[in-house]
Structures are given as structure tokens and as C-alpha cells.
Peer 1: 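Handing you a structure now.
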Amino acid sequence: MSEPICYLNGDYQPLDEACVPVLDRGFIFGDGVYEVIPVYAGKPFRLDHHLERLNDSLNNIYLANPLSDEQWTRIIQQVIMHNAEGDQSIYLQVTRGVAKRDHGFPGETRPTVFVMSNPFSAVDTKLLEEGVGAITLEDIRWQYCHIKSIALLPNILLRQQALNAGAAEAILLKADKVTEGAASNVFAVLDGKLVTPPKGECLLPGITRDLVVELADKHDIACEQRDISREELLHAAEIWITSSTREILPVTHLDGHPVGDGLPGPLWQKMYAIYQDHKNELRQAT
Ligand code: PDD
């Protein structure tokens with residue numbers, strides 16, 4: 001495969017040659033935000049939603065968006081074109097730029113803008129047939145989880161704790177209520193209804209989450225956005241996790257116990273098929 005090409009501050013260049021100064025506030029403080037956007041058949045999926053969330057994240061950290069939506073779209077399209085033919089995953093990041101280390105915001109610093117593409121690895125069919133395991137953990141993160149911050153150390157520690165326990169994800173609980181996964185949103189089937197926690201500062205407004213809610217509505221699948229207690233989660237008939245890279249994954253074991261009968265449930269089968277159809281429509285659209 002040819003050398004991946006990325007975009008950094010105005011230039012397209014080989015990924016392994018792209019460098020950021022050590023005083024970049026992203027490196028020093030984790031002072032920046034990011035997006036991950038799936039690309040199917042060369043087309044970025046729900047790009048407008050991702051750009052809107054990027055703008056919200058930037059507003060929330062008091063950093064002016066350095067590019068217009070048109071500029072972002074052009075750069076993302078160029079990076080897609082420079083890279084593999086197959087499905088891709090665009091990663092973009094904006095930091096507050098390079099400045100002498102000082103906690104307060106720097107004066108006239110130019111934000112650092114970085115965009116790269118990775119091959120989109122389709123979810124392993126074994127995981128779709130058998131589902132994945134998850135563990136519940138206390139949500140130890142901060143109060144602004146709606147910001148897609150690059151400072152992900154708590155998320156990383158939580159995910160690693162799940163991996164060390166042989167699970168694929170940590171489902172997080174705050175004051176005995178589900179917030180989200182370490183890098184995903186959470187759905188549960190409770191009394192035959194699809195339920196997901198409401199948006200707010202305790203969780204990332206996932207683009208995949210919103211699409212699942214939208215598709216449920218379109219296909220007359222009852223879906224409630226309300227709190228899920230630990231007790232409800234432990235007795236859910238089905239649990240799913242959603243993200244741009246994992247799409248919709250069934251969680252078939254929670255804390256070592258089977259969820260429902262321990263296999264991907266019927267509502268997941270239905271929603272997964274609806275989601276794939278939706279993706280395929282986009283692939284075929286001219
Ligand atoms: N993360 N919640 C958290 C904490 C996440 O990190 C993610 C995704 C999601 C799902 O959001 P979306 O559906 O928009 O991908 C929810 C990305 C994929 C990542 O960090 O790689």
C-alpha cells in the first residue's frame with residue numbers, strides 16, 4: 001500500500017514525516033478537540049453532523065474554528081483521495097497551537113490543524129455472531145464529557161481495565177446511572193423498548209447514537225431517551241454499544257454474566273440490518 005498522506009497546517013505530506021513542535025498545547029496540555037469520521041466508498045458518513053459537533057467542541061473550549069465547513073470538506077476530500085480506495089476512517093484534530101508553556105490561553109497563536117486517514121477495519125464477523133463482553137465501571141471522568149476532547153487518559157484507563165478483564169468495552173456508571181462506554185454510547189432493550197441515556201454533559205453526543213435514534217423512529221421501533229439505572233442495565237434483554245468505528249455492537253456478556261440468552265438479540269439484528277441498508281444507500285448514491 002502506498003504511503004499514507006495527511007494534512008497538517010496547510011500542507012499535504014506523508015504521515016510519517018508530519019511533525020508537530022513539542023510546545024504544541026495538544027502535546028503539553030491535551031488542549032484540543034477531535035473527530036473520527038467513517039468514509040464509505042469515498043464518501044464521508046454524516047460529515048455535516050461531525051462538523052457541527054466539532055464546532056460545538058471548539059466553542060466549548062473557547063477556540064475559534066480555524067476553518068469554514070467548506071474548507072474542512074475540501075481538506076477531508078483531499079485526504080480521502082490521497083489514501084486507500086477502500087473504506088476509511090478520517091481522524092481530525094485541532095489544538096490551541098504552539099506557545100510557551102503557560103496554563104492560560106496564549107495570545108495570537110495559530111491553532112494546529114491535523115487530518116489523517118486510516119483504513120476502516122470492518123467489525124469482525126465473529127463479534128457480530130457472538131457479541132462482545134463488557135464490564136461496568138465507575139465513570140471517573142470530568143464534568144464536560146460532551147466535549148470531544150483529545151485528553152482521553154481516563155477513557156484509556158477505563159478501556160484498558162475492560163481489556164485486562166477480557167472484555168471489549170467498559171460501560172460507565174455515574175451515581176448509579178449509565179452514562180456511556182469508554183469510547184462508545186450505550187443502548188439497552190428494557191421491557192421491549194430501546195432506551196439510551198439522554199444527551200447532556202455526562203456523555204458524548206454520538207453521531208452513531210443519533211443515527212440509531214433516527215432510524216428507530218423511521219422504522220417505528222419504540223425508543224426512549226432516558227436514564228438507565230444500574231439495576232435496569234443488569235437485567236436488560238439486550239445491550240448495544242455504538243460508535244463510528246464499531247457501528248452497532250451487541251454486548252452479550254456483562255460483568256461475566258449473559259445478557260438475555262447470551263446471544264445478539266432480535267432487536268439488534270433488526271437495527272443492524274437497517275443500519276447496513278442505510279450505509280449501502282449512501283454507498284450507491286451518486
Ligand atoms: N469515539 N462516547 C465516547 C467517549 C467516544 O469516544 C465515542 C467515539 C462515542 C461514539 O461517538 P460516535 O458515534 O460519534 O463515534 C461515544 C471515537 C470513535 C474514537 O475516539 O475513536
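All of these numbers come straight from a predicted model, not from anything done at the bench. When a ligand or atom number is given, it counts from 1 through the structure's own listing order.
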Peer 1: What protein heavy atom lies closest to atom 13 (O) of ligand 1? Include the residue and the distance to one decimal.
Peer 2: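 Residue, atom and distance for the closest contact: Thr208 OG1, 2.5 Å.
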Peer 1: Answer yes when Glu35 and Lys148 have at least one side-chain N-carboxylate O distance shorter than 4.0 Å, and no when they do not.
Peer 2: no
Peer 1: Measure the distance from atom 21 (O) of ligand 1 to every protein heavy atom, then report the residue, atom name and distance (to 0.1 Å) of the closest one.
Peer 2: Val36 CG2, 3.6 Å
Peer 1: Could you pull out all residues at least two apart from Glu238 that satisfy salt bridge (Lys or Arg N to Asp or Glu O under 4.0 Å)?
Peer 2: none
Peer 1: In the protein, what heavy atom is nearest to atom 10 (C) of ligand 1, and what distance, to one decimal place, separates them?
Peer 2: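 For atom 10 (C) of ligand 1, the nearest protein heavy atom comes out as Asn185 OD1, 3.6 Å.
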Peer 1: List the atom of Ser149, the atom of Trp142, and the distance in Å for their closest heavy-atom pair.
Peer 2: CB-CZ2, 4.4 Å
Peer 1: Would you give the length of the straight line joining atom CD of Gln93 to atom CG of Asp24, rounded to the nearest 0.5 angstrom?
Peer 2: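 The CG atom of Asp24 is 7.5 Å from CD of Gln93, to the nearest 0.5 Å.
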Peer 1: Return yes or no for this condition: an N or O of Lys148 is under 3.5 Å from an N or O of ligand 1.
Peer 2: yes
Peer 1: What do you reckon, does Ala182 put a non-hydrogen atom under 4.0 Å from ligand 1?
Peer 2: yes
Peer 1: For Thr242 and ligand 1, does the shortest N/O to N/O distance drop below 3.5 Å?
Peer 2: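 It does not: no N or O of Thr242 is found under 3.5 Å from an N or O of ligand 1.
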Peer 1: Would Arg209 count as being in polar contact with ligand 1, using the rule that some N or O on each side must be under 3.5 angstrom apart?
Peer 2: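 In fact, backbone or side chain, Arg209 has no N or O that close.
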Peer 1: Tell me, which protein residue and heavy-atom name are nearest atom 6 (O) of ligand 1, and how many Å apart are they?
Peer 2: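 Protein heavy atom with the smallest distance to atom 6 (O) of ligand 1: Ala183 CA, 3.4 Å.
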Peer 1: Among all protein heavy atoms in this structure, tell me which lies nearest to atom 11 (O) of ligand 1, with the distance rounded to 0.1 Å.
Peer 2: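 The closest one turns out to be Gly206 CA, 3.5 Å.
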Peer 1: Any nitrogen or oxygen of Ser244, side chain or backbone, less than 3.5 Å from one on ligand 1?
Peer 2: yes
Peer 1: What part of Cys145, side chain, backbone, both or neither, has a heavy atom within less than 4.0 angstrom of ligand 1?
Peer 2: neither
Peer 1: Is there at least one pair of N or O atoms, one from Asn155 and one from ligand 1, spaced under 3.5 Å apart?
Peer 2: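 Between Asn155 and ligand 1 (N or O atoms, distance only) the closest approach is not under 3.5 Å.
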Peer 1: How far is atom 20 (O) of ligand 1 from its nearest protein heavy atom, and which residue and atom name does that atom have?
Peer 2: Tyr34 OH, 2.6 Å
Peer 1: In the protein, what heavy atom is nearest to atom 18 (C) of ligand 1, and what distance, to one decimal place, separates them?
Peer 2: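 The protein heavy atom lying closest is Thr245 OG1, 3.8 Å.
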Peer 1: Any carboxylate oxygen within less than 4.0 angstrom of a Lys/Arg side-chain nitrogen, looking at Arg141 and Asp139?
Peer 2: yes
Peer 1: Please lay out, stage by stage, how Leu204 and Arg53 fare under the test side-chain contact (heavy atoms from CB on, under 4.5 Å).
Peer 2: CA-CA 10 Å; Leu204 188 78; Arg53 185 173 65 184; 3.4 Å; yes
Peer 1: Answer yes or no: does an N/O atom from Glu180 fall short of 3.5 Å to an N/O atom of ligand 1?
Peer 2: yes
Peer 1: Describe, in one word, how the ring planes of Phe45 and His278 are oriented to each other, choosing from parallel (under 30°), tilted (30 to 60°) and perpendicular (over 60°).
Peer 2: perpendicular
Peer 1: Is there a continuous path of hydrophobic side-chain contacts, each under 4.5 Å between heavy atoms, that joins Tyr7 to Leu54?
Peer 2: yes
Peer 1: Are Glu247 and Lys279 within salt-bridge range, i.e. N to O under 4.0 Å?
Peer 2: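 Here Glu247 pairs with Lys279 in a salt bridge, since their nearest N and O are under 4.0 Å apart.
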Peer 1: If we only count N/O pairs under 3.5 Å, is Ile207 in contact with ligand 1?
Peer 2: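 N/O-N/O distance below 3.5 Å exists for this pair.
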Peer 1: Determine whether any heavy atom of Tyr91 lies closer than 4.0 Å to an atom of ligand 1.
Peer 2: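 No, that is not the case, since the closest heavy atom of the residue is not under 4.0 Å from the ligand.
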Peer 1: Looking only at heavy atoms of Arg246, does any of them come nearer than 4.0 Å to an atom of ligand 1?
Peer 2: no
Peer 1: Looking only at non-hydrogen atoms, find the nearest pair between Pro111 and Asn9 and report the distance.
Peer 2: O-OD1, 3.8 Å
Peer 1: Which atom names give the shortest non-hydrogen contact between Ser244 and Thr208, and what distance separates them?
Peer 2: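 Nearest pair, atom of Ser244 first, then Thr208: N-OG1, 3.1 Å.
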